Amino acid sequence: MKSEPDEVSIDHLAARPGQTVGWFGVRNYQARNFMRDAMQIGDLVLFYHSSCAEPGIAGLAEVCSAPYPDPTQFDPASPYHDPKSPADAPRWVQVDVRFVQKSRLITLTELRQYPELAAMRLLQRGNRLSITPVEPTEWAFIVDLMERAA
DNA sequence: GCCAACGTTGGC
DNA sequence: GCCAACGTTGGC
């Protein structure tokens with residue numbers, strides 16, 4: 001899951017251990033579908049810092065709710081307001097996540113150096129999805145990287 | 001700030 | 001249903 005650290009960084013989550021954070025504001029159908037259809041409570045999440053000086057994976061979070069309607073879609077004052085979303089059939093959902101651990105920053109540059117990750121969805125050309133699935137082999141490789149020096 | 005990539009919108 | 005125009009993402 002990508003987040004702009006100016007908005008929500010791994011440190012923000014770490015400052016409130018045990019507290020859940022709603023992952024609101026997803027407004028892309030593919031990303032929504034991953035949340036709605038593929039995520040399970042208890043799933044771990046790679047927390048990625050995007051649109052910043054040093055983009056990369058900064059830690060782990062955990063999915064801790066089922067998908068439920070994102071309230072910001074109905075809030076006219078929100079930048080995520082979607083006037084076309086029907087109240088009786090909300091278009092956008094979110095899940096709650098909570099902090100698991102901070103890791104060393106595994107930068108995008110580093111991630112691109114590993115042939116083992118060449119097929120990773122996050123790294124594909126033109127990928128803009130804020131939520132992408134991670135293959136088990138990629139997951140194992142990255143968790144291992146977290147414990148090694150850069 | 002630039003720009004490639006891609007999604008969405010809306011006229012036809 | 002096609003596709004041009006436009007908007008957004010996000011690395012650089």
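Every chain is numbered from 1 and lettered A, B, ... according to where its sequence line falls, protein lines coming before strand lines. Treat the numbers as computed from the prediction; the structure is a model and nothing was measured.
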Can you name the residues that form a side chain to side chain contact (heavy atoms under 4.5 Å, CB included) with Leu105(A), not counting sequence neighbours?
-> Glu54(A), Ala58(A), Thr107(A)

Modelled atom types, side-chain donor and acceptor of Arg27(A) and Ser85(A), under 3.5 Å = no

Indicate, with yes or no, if the rings of Trp92(A) and Tyr68(A) have centres closer together than 6.0 Å.
-> no

Could you tell me whether Asp82(A) and Arg91(A) make a salt bridge, using a distance below 4.0 angstrom between a side-chain N and a carboxylate O?
-> yes

Looking across every strand, which nucleic acid part, if any, lies under 4.0 Å from Gln30(A) by heavy atom: base, sugar-phosphate, or nothing?
-> sugar-phosphate

Which side-chain N or O atoms in residues 3-15 of chain A pair as donor and acceptor under 3.5 Å with protein atoms at least two apart or in another chain?
residue	atom	partner	partner atom	Å
Ser3(A)	OG	Val8(A)	O	2.6
Ser9(A)	OG	Asp11(A)	N	3.2
Ser9(A)	OG	His12(A)	N	3.2
Ser9(A)	OG	His12(A)	ND1	3.0
Asp11(A)	OD1	Lys102(A)	NZ	2.8
His12(A)	ND1	Ser9(A)	N	2.7

Asn127(A) vs Arg91(A), nearer the 5' end of DNA chain B by closest nucleotide | Asn127(A)

Extract, from 5' to 3' on DNA chain C, the first and final nucleotides lying under 4.0 angstrom from some heavy atom of chain A.
-> dG7(C) to dC12(C)

